[in-house]
K.L.:
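Sending over a structure as structure tokens; questions will come in a sec.
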Amino acid sequence: MTKAVPVIAIDGPGGSGKGTIGLMVAKALKFHFLDSGALYRLVALAAKHHGISTDNEEALTVLAGHMDIAFGAGKHGEPRVYLEGEDVSNDIRTDEVSQMASQVAASGSVREALLARQRDFRREPGLVADGRDMGTIVFPEAEVKIFLTASAEKRAERRFKQLQGMGESASIGDLLTSIRSRDERDRNRSVAPLRPADDAIEVDSSELNIEQVLESVLQVVRDKLPHLK
């Protein structure tokens, strides 16, 4: 049944804009949307709430399989994320939780526990899934695979503006160091390392505005799925 449901996988490093673009593509196509990174952030936040160390793989795996999560939309249609009935959309985007999520994502058993949850998002008429291993591990048969990237400096700048908008203080230098450290960890982890799928189309968003990135991605989708034109 799911074989006929098209999947657009958008992978890339943190701060490349894949979540924003993925949601815009999903809205344009009227597809479902999966922010897989939010799942790992939710595990990290739940671990923080329950005082569980990111080194405690067994406890993290139990959390991943049983945590009460929900996705919804805000008053203006923006995506909202809920953990145990509480809106944690902003909480999961803090730099602390981002770093914890990267550590959580290195656990093979946590990734396995979340795999079925991610694949359940594949429903008609289609799915746009963003993350780091959507095209390589979760949906290797995806019809469209995009690897969205940007320079570390540009991603640090974007993250700085995002944190400012959330009312958090931040240092560009510290953010750049954090992003480079996370990139290194994500690329070199033993389980599902960050890398483009062999058949992925790479889009570099460093020097593009959001409208240009969206159009570039939609053009790839049109080329791969001409019936959506």
K.L.:
What are the two closest heavy atoms between Leu127 and Phe31, and how far apart are they?
P.N.:
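It is N-CD2, 3.5 Å.
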K.L.:
So does Thr149 get a backbone contact from the side chain of Ser205, meaning a donor-acceptor N/O pair under 3.5 Å?
P.N.:
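Confirmed, Ser205 side chain pairs with Thr149 backbone.
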K.L.:
Do Val144 and Val128 share a hydrophobic cluster, counting only Ile, Leu, Val, Met, Phe, Trp and Tyr and linking them when any side-chain heavy atoms are less than 4.5 Å apart?
P.N.:
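Yes, because Val144 and Val128 connect within a single hydrophobic cluster, where side-chain heavy atoms sit under 4.5 Å apart.
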K.L.:
Thinking salt bridges, do Arg93 and Glu168 make one under a 4.0 Å N-O criterion?
P.N.:
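No, this pair does not count.
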K.L.:
Indicate yes or no: at least one non-hydrogen side-chain atom of Val7 is less than 4.5 angstrom from one of Glu143.
P.N.:
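Answer yes - side chains close enough.
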K.L.:
Output the distance between atom CG (Leu218) and atom CG (Leu225), rounded to the nearest 0.5 Å.
P.N.:
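Separation between the atoms: 11.0 Å.
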K.L.:
Do Leu60 and Leu83 sit in the same hydrophobic cluster, where Ile, Leu, Val, Met, Phe, Trp and Tyr count as joined when their side-chain heavy atoms come under 4.5 Å apart?
P.N.:
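As far as the 4.5 Å side-chain criterion goes, Leu83 and Leu60 are connected within one cluster.
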K.L.:
Hey, is the main chain of Gln103 close enough, under 3.5 Å, to the side chain of Ser107 for a donor-acceptor pair?
P.N.:
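Absent.
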K.L.:
Using the side-chain hydrogen bond (donor to acceptor under 3.5 Å, both in side chains) rule, pick out the option among Gln164, Arg158, Arg159 that qualifies with Gln162.
P.N.:
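It is Arg159; the other options fail the test.
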K.L.:
Atom CD1 of Ile179 and atom OG of Ser151: how far apart are they, to the nearest 0.5 Å?
P.N.:
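Rounded to the nearest 0.5 Å, the CD1-OG separation comes out at 9.0 Å.
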K.L.:
Under 3.5 Å, is there a donor-acceptor pair between the side chain of Thr136 and the main chain of Ala197?
P.N.:
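No, Thr136 side chain to Ala197 backbone: no donor-acceptor pair under 3.5 Å.
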K.L.:
Please round to the nearest 0.5 Å and tell me the distance separating atom CG of Leu114 and atom CG of Asp120.
P.N.:
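Output value for this atom pair is 11.5 Å.
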K.L.:
Does the distance from a Lys or Arg side-chain N to an Asp or Glu carboxylate O, for Asp183 and Arg155, drop under 4.0 Å?
P.N.:
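Salt bridge present between Asp183 and Arg155.
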K.L.:
Do Met67 and Leu34 share a hydrophobic cluster, counting only Ile, Leu, Val, Met, Phe, Trp and Tyr and linking them when any side-chain heavy atoms are less than 4.5 Å apart?
P.N.:
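The answer is yes; both residues are in one hydrophobic cluster.
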K.L.:
Does some side-chain heavy atom of Arg185 sit less than 4.5 Å from a side-chain heavy atom of Arg182?
P.N.:
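Of all side-chain heavy-atom pairs linking Arg185 with Arg182, at least one is under 4.5 Å.
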K.L.:
How long is the straight-line distance from CG of Asp186 back to OG of Ser102, given to the nearest 0.5 Å?
P.N.:
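Atom-to-atom, Ser102:OG and Asp186:CG are 4.0 Å apart.
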K.L.:
Do you know which two heavy atoms are closest between Gly65 and Ala113, and how far apart they sit?
P.N.:
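Here Gly65 and Ala113 meet closest at N-CB, 4.2 Å.
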K.L.:
Judged by atom type as modelled, is there a donor-acceptor pair below 3.5 Å linking the side chain of Ser16 to the main-chain atoms of Leu148?
P.N.:
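Side chain of Ser16 to backbone of Leu148, a donor-acceptor pair under 3.5 Å: yes, one is there.
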K.L.:
Is there a path of hydrophobic side-chain contacts, each under 4.5 Å between heavy atoms of I, L, V, M, F, W or Y residues, that connects Val217 with Ile8?
P.N.:
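Yes, it is one cluster - the side chains of Val217 and Ile8 are joined through contacts under 4.5 Å.
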K.L.:
Could you report the tightest heavy-atom contact between Ala150 and Ser206, atom names first, then the distance?
P.N.:
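Residues Ala150 and Ser206, closest heavy atoms: CA-OG, 3.2 Å.
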K.L.:
If hydrophobic clusters are built by linking Ile, Leu, Val, Met, Phe, Trp and Tyr wherever their side-chain heavy atoms come under 4.5 Å apart, do Ile92 and Met100 end up in the same one?
P.N.:
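In one cluster: no.
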K.L.:
Lys145 vs Glu202, test: salt bridge (Lys or Arg N to Asp or Glu O under 4.0 Å). Steps then yes/no.
P.N.:
CA-CA 9 Å; Lys145 298 178 185 178; Glu202 184 168 323; over 6 Å; no
K.L.:
Which heavy atom of Ser216 sits nearest to which heavy atom of Val203, and what is that distance?
P.N.:
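Looks like CB-CG1, 4.2 Å.
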K.L.:
With the side chain counted from C-beta on, respond yes when Leu228 and Leu29 share a heavy-atom pair under 4.5 Å apart, and no when they do not.
P.N.:
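With C-beta onward as the side chain, the pair touches.
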K.L.:
Would you find a donor on one side and an acceptor on the other, under 3.5 Å apart, between the side chain of Thr61 and the backbone of Glu57?
P.N.:
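Yes, because the side chain of Thr61 sits within donor-acceptor range (under 3.5 Å) of the backbone of Glu57.
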K.L.:
Indicate yes or no: does Asp11 engage Lys18 in a salt bridge with an N to O separation below 4.0 Å.
P.N.:
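Salt bridge flag = no for Lys18 with Asp11.
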K.L.:
Between Leu45, Asp68, Leu42, Ile69, which is the residue that forms a side chain to side chain contact (heavy atoms under 4.5 Å, CB included) with Glu84?
P.N.:
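Answer after filtering Leu45, Asp68, Leu42, Ile69: Asp68.
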K.L.:
For Gln99 and Ser178: C-alpha separation, side-chain torsions, deciding distance, then whether side chain to side chain donor-acceptor pair (under 3.5 Å) applies.
P.N.:
CA-CA 8 Å; Gln99 291 301 314; Ser178 174; 2.4 Å; yes
K.L.:
Do Ile201 and Phe147 come within less than 4.5 Å of each other through their side chains, counting heavy atoms only?
P.N.:
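A side-chain contact under 4.5 Å is absent here.
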K.L.:
With side chains defined as the heavy atoms from C-beta onward, is the minimum distance between Arg111 and Asp133 less than 4.5 Å?
P.N.:
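Counting from C-beta outward, Arg111 and Asp133 do come under 4.5 Å.
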K.L.:
With a 4.0 Å cut-off on N to O distance, would you call Lys154 and Glu207 a salt bridge?
P.N.:
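Looking at Lys154 and Glu207, the cut-off is not met.
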K.L.:
Please find the pair of heavy atoms, one from His66 and one from Arg117, that lie closest to each other, and give the distance.
P.N.:
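In this case the closest contact between His66 and Arg117 is C-NH2, 4.2 Å.
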K.L.:
Rounded to the nearest 0.5 Å, how far apart are CG of Leu163 and NZ of Lys161?
P.N.:
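Answer for the CG-NZ pair, Leu163 versus Lys161, is 13.0 Å.
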K.L.:
What's the verdict on ring-ring contact (aromatic ring centres under 6.0 Å, His included) for Phe121 and Phe71, showing C-alpha distance, side-chain angles and the deciding distance?
P.N.:
CA-CA 11 Å; Phe121 278 82; Phe71 295 89; 5.7 Å; yes
K.L.:
Answer whether the closest heavy-atom distance between the side chains of Leu63 and His50 falls below 4.5 Å.
P.N.:
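Yes; the side chains approach each other to less than 4.5 Å.
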K.L.:
Counting N and O atoms only, with roles assigned by atom type, does the side chain of Arg187 sit under 3.5 Å from a partner on the main chain of Arg195, one being a donor and the other an acceptor?
P.N.:
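No, the answer is negative, given that no donor and acceptor are paired below the 3.5 Å cut-off.
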K.L.:
What closest approach, in Å, do Phe139 and Arg119 show between heavy atoms, and which atom pair accounts for it?
P.N.:
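Nearest heavy atoms, Phe139 then Arg119: CZ-CA, 3.8 Å.
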K.L.:
Indicate yes or no: at least one non-hydrogen side-chain atom of Met134 is less than 4.5 angstrom from one of Ile10.
P.N.:
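No; the side chains remain at least 4.5 Å from each other.
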K.L.:
Answer whether the closest heavy-atom distance between the side chains of Pro193 and Asn188 falls below 4.5 Å.
P.N.:
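No, side chains not in contact.
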K.L.:
Let me confirm one number: the OG-CZ distance from Ser171 to Phe160, rounded to the nearest 0.5 Å.
P.N.:
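Answer for the OG-CZ pair, Ser171 versus Phe160, is 8.0 Å.
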K.L.:
So, Thr54 side chain and Val104 main chain: donor-acceptor pair closer than 3.5 Å or not?
P.N.:
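It does not hold such a pair.
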K.L.:
Measure from the side-chain N and O atoms of His32 to the backbone N and O of Arg122, and report whether any donor-acceptor pair falls under 3.5 Å.
P.N.:
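No, His32 side chain to Arg122 backbone: no donor-acceptor pair under 3.5 Å.
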K.L.:
Okay, side chain of Glu215, backbone of Glu211: is any donor-acceptor separation there less than 3.5 Å?
P.N.:
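No, the answer is negative, given that no donor and acceptor are paired below the 3.5 Å cut-off.
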K.L.:
I'd like to know if the side chain of Gln212 reaches the main chain of Asn209, judged simply by a donor and an acceptor atom lying under 3.5 Å from each other, with no hydrogens or angles considered.
P.N.:
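Pair found, side chain donor or acceptor close to backbone of Asn209.
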K.L.:
Below 4.0 angstrom, N of the basic side chain to O of the carboxylate: do Arg189 and Glu184 qualify?
P.N.:
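Looking at Arg189 and Glu184, the cut-off is not met.
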